[in-house]
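Small disclaimer: the values here were computed from a predicted structure and weren't measured. Order of the sequence lines fixes the chain letters, A, B, ..., with proteins taken first and strands second; residue numbering starts at 1 for each chain.
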Protein chains: 2
Amino acid sequence: MSRAHGRRLGRAGIRDVAAAAGVSITTVSDALNGKGRLPDATRRHVREVADRLGYRPSAAARTLRTGKSGLIGLTVTTYGEEPFTFTEFAYFAEMARAASSAALARGYALVILPGSTRQSPYDVWSNVALDGTVVIDPSDRDPVVAELVRQGVPVVSDGRPCGDLPVTAWVDNDHEAAVTGLLDHLAAAGARRIGLLTGTSTDTYTRLSTEAYLRWCERAGQDPVYEAYPAHDPCAGAVAADRLLARPDRPDAVYGLFDPNGTDLLAAARRYGLRVPDDLLLVCCSESAVYAGTEPPITTLSLKPGRIGTTVVQLLIDAIEGTGGGDPVQRIMPTDLIVRTSSQRRRRRTTVSAPRSPEQRGQA
Amino acid sequence: MSRAHGRRLGRAGIRDVAAAAGVSITTVSDALNGKGRLPDATRRHVREVADRLGYRPSAAARTLRTGKSGLIGLTVTTYGEEPFTFTEFAYFAEMARAASSAALARGYALVILPGSTRQSPYDVWSNVALDGTVVIDPSDRDPVVAELVRQGVPVVSDGRPCGDLPVTAWVDNDHEAAVTGLLDHLAAAGARRIGLLTGTSTDTYTRLSTEAYLRWCERAGQDPVYEAYPAHDPCAGAVAADRLLARPDRPDAVYGLFDPNGTDLLAAARRYGLRVPDDLLLVCCSESAVYAGTEPPITTLSLKPGRIGTTVVQLLIDAIEGTGGGDPVQRIMPTDLIVRTSSQRRRRRTTVSAPRSPEQRGQA
DNA sequence: AACGTCGGAAGAGACGATTCTGCAAGCCGC
DNA sequence: GCGGCTTGCAGAATCGTCTCTTCCGACGTT
């Protein structure tokens with residue numbers, strides 16, 4: 001015999017099913033995929049035989065034939081050796097969770113991939129067939145993104161791309177509106193001089209937020225008071241918070257751009273004997289639920305990473321499947337200011353903390 | 001002409017490279033993969049032509065041919081609609097980060113997949129070619145795991161499998177030693193009656209920890225004092241914490257098995273006017289760095305998810321590549337008790353919080 | 001001169017599915 | 001009765017790569 005039709009490696013192939021069901025390969029394929037013109041009896045029969053044999057179509061063969069893998073890359077910028085950024089842990093976790101969920105619901109799976117292809121012994125990127133890619137905070141001239149676009153792979157970014165990176169679509173928060181609203185909120189709570197804890201890096205989040213702060217100060221006739229530090233260094237944040245509160249022109253309210261800033265600032269305030277919110281109003285940008293439980297609870301700006309993740313994936317899959325239609329290729333998402341004790345001048349119950357509402361705990 | 005050799009869909013194939021280089025397909029393949037017997041001149045020439053054409057081998061075709069995809073599944077148990085569990089967010093994030101890192105370093109990528117195949121319109125599992133799978137906390141008779149094992153796909157689990165699930169290997173913490181050591185620590189700090197905040201689910205983590213607690217109580221001659229709640233419900237934790245401290249036989253120390261229990265217990269203690277650590281010693285199991293910044297800082301038990309993730313992936317890849325040799329197929333990992341103010345009876349500086357050491361902030 | 005060996009390169013299947021094309025039979029109306 | 005339509009299914013090409021086998025010429029040996 002030239003070819004043994006029996007299962008060669010323990011797994012049944014479509015040929016085995018066809019033989020067992022007494023039909024052709026074509027019929028099996030059509031029956032299983034709901035295509036072709038087959039009477040229900042044949043369809044049922046084939047399916048039953050396939051089930052009995054434990055048949056699973058080979059994903060590799062299907063991908064090779066159809067050109068679609070059902071795989072979406074999820075890329076994150078890297079600091080040093082590790083693939084995720086440290087400072088936005090909760091943001092990333094929630095964003096990835098939502099993105100994964102949204103992808104799964106449409107039959108796609110997410111593949112975690114490193115942002116910059118370092119001189120790794122393997123090039124993982126070219127070993128994976130991707131239908132599209134999500135990029136978080138793409139850097140100025142990301143070689144990976146450029147290469148993907150060149151190959152015709154759709155790319156959607158979380159965060160508007162710097163420079164002229166030709167992404168298929170992008171999703172971002174309205175950072176200007178968020179910062180402006182937040183500063184207005186602090187001013188309304190009685191703040192006279194609002195400080196900013198910002199970063200030294202040039203990503204759009206940092207840049208847009210800082211610019212919005214500076215513009216707001218100009219409009220409000222306040223001198224800007226800010227400290228910048230390298231956001232990827234968790235210890236530098238504590239130092240910068242301390243420096244900000246040590247200044248001669250000490251602010252009576254502070255907004256921290258990064259997740260750990262809340263605890264950093266709270267600790268610094270304690271060191272200087274400043275009471276929050278009595279002597280110092282505090283807000284930071286964070287997705288972490290713990291700020292509902294600090295003493296006092298800290299007002300946070302949530303970027304709603306869940307919604308971003310979902311939207312990014314929807315946009316990407318629409319682009320992949322060509323169902324995008326005439327939709328705009330960028331989408332601005334609202335943020336959410338979760339007001340807690342730290343930004344309200346009038347004192348509320350301080351010994352007995354208020355019961356947390358679901359709204360403050362929930363992530364969605 | 002029967003077949004147009006030109007790029008049909010914008011992407012160059014190996015045939016195009018062969019034609020452009022004036023050699024055969026075999027030679028191109030050998031040159032690019034470092035196989036065969038070719039003089040360096042030919043090798044260089046082929047590589048240069050391939051580069052010039054921007055040739056990328058098709059991952060699908062390679063996978064089909066070689067049977068290896070370079071993809072590793074990462075499965076998490078699901079609660080309701082969402083693919084990750086809520087209570088172990090930080091644990092999962094860190095574990096996934098480390099696992100992804102370890103996989104990438106060896107040329108593999110991680111694919112996020114749902115644990116239980118619900119009646120989703122698509123079966124994502126069979127659309128992905130997986131070389132192996134990591135399963136987190138597999139449930140008793142996980143159908144997905146069973147199916148994978150049946151197909152001969154290596155499966156390594158984080159957390160020892162319940163029942164007789166035939167995984168290839170597993171990695172877990174020494175939960176008994178962790179709980180025993182932690183309770184000893186609390187007793188040494190002066191605790192007379194230690195309470196437990198535990199879960200109602202039957203996973204091995206909850207079960208082993210609770211059993212260790214009960215055994216410790218028996219040895220120490222203390223009546224067990226515990227409350228159990230459904231761990232997947234974030235609000236139930238606060239209620240259970242309250243209940244625990246409201247009991248007539250109120251404990252003077254509490255260990256909470258789940259991540260949010262620290263803030264839950266702290267809030268409950270405040271409601272009852274209990275000072276921590278003076279009236280109540282507190283420890284909870286958590287990977288969250290925020291417990292270094294609470295007032296007071298809370299002692300936590302870290303399960304070292306990073307190490308677990310790395311180990312799980314190493315074991316899995318060893319199994320995939322057959323380099324596992326005679327290694328044992330299960331590995332017990334140590335935990336780490338990070339002692340902070342909340343479990344130390346003698347008071348330390350309370351108004352000025354100690355500067356956080358890198359050890360307490362770092363994740364690795 | 002015949003022969004074995006070795007370097008260098010090409011040929012020709014697989015791998016396992018999808019899918020385009022085509023054929024045979026049954027049924028309809030005219 | 002015959003052309004055309006629909007139904008039910010089979011054949012075979014194809015996706016792009018890897019790799020086993022073969023082939024050819026050159027060289028050194030006996």
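- Mapped onto DNA chain C by nearest heavy atom, B:T27 and B:A61 fall at different nucleotides, with B:T27 at the one closer to the 5' end.
- Listed by chain and number, the residues in a salt bridge (charged side-chain N to carboxylate O under 4.0 Å, His left out) with A:R62 amount to none (sequence neighbours excluded).
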Any protein N or O atoms within reach of nucleotides 6-8 of chain D? Criterion: under 3.5 Å, listing atom names and distances.
from: D:dG8; atom 1: N7; to: A:R37; atom 2: NH2; distance (Å): 3.2
from: D:dG8; atom 1: O6; to: A:R37; atom 2: NH2; distance (Å): 2.8

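- Nucleic acid contact class of A:S29 (heavy atoms, under 4.0 Å, all strands): base.
- Partners of A:D172 by salt bridge (charged side-chain N to carboxylate O under 4.0 Å, His left out), not counting sequence neighbours, listed by chain and number: A:R160.
- For the pair A:Y55 OH and C:dG16 C1', the computed distance is 8 Å after rounding to whole Å.
- Computed from coordinates, the A:I14 CD1 to C:dA14 P distance equals 18 Å when rounded to whole Å.
- With sequence neighbours left out, A:V145 forms a side chain to side chain contact (heavy atoms under 4.5 Å, CB included) with A:V135, A:D142, A:V149, A:V155, A:L165, A:V167.
- The interatomic distance linking A:D30 (CG) with D:dA10 (P) rounds to 11 Å, in whole Å.
- Backbone-only engagement by B:R56 is indicated by non-hydrogen atom pairs under 4.0 Å involving sugar-phosphate atoms exclusively.
- Under the rule for a side chain to side chain contact (heavy atoms under 4.5 Å, CB included), the partners of B:A60 that lie at least two apart in sequence or sit in another chain are A:T63, A:L64, B:S58.
- Taking A:E147 as the reference, A:R150, A:Q151, B:R56 meet the side chain to side chain contact (heavy atoms under 4.5 Å, CB included) condition, with sequence neighbours excluded.
- Note: CG (A:L64) to C1' (D:dC15) measures 4 Å, nearest angstrom.
- Put simply, the side chain of A:T27 reaches to within 4.5 Å of the side chain of A:T42, judged on heavy atoms.
- Applying the side chain to side chain contact (heavy atoms under 4.5 Å, CB included) test to A:R47 and every residue at least two apart in sequence or in another chain returns A:L32, A:R43.
- Going from atom NZ of B:K35 over to atom C1' of C:dG8 covers 18 Å, rounded to whole Å.
- Between the side chains of A:S29 and A:T26, not a single donor N or O lies within less than 3.5 Å of an accepting N or O.
- In this structure, A:N33 places its CG atom 13 Å from C1' of C:dG16, rounding to the nearest Å.
- If you take CG of A:L32 and P of C:dG16, they are 16 Å apart, rounded to a whole angstrom.
- B:N127 places its CG atom 17 Å from the P atom of C:dG16, with the value rounded to the nearest Å.
- Checked against side-chain hydrogen bond (donor to acceptor under 3.5 Å, both in side chains), B:T133 has no partners two or more places apart in sequence or in another chain.
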Which atom pairs link the protein and nucleotides 11-13 of chain D when you take only N or O atoms and keep those under 3.5 Å?
from: D:dG11; atom 1: N7; to: A:T26; atom 2: OG1; distance (Å): 3.3
from: D:dG11; atom 1: O6; to: A:T26; atom 2: OG1; distance (Å): 2.8

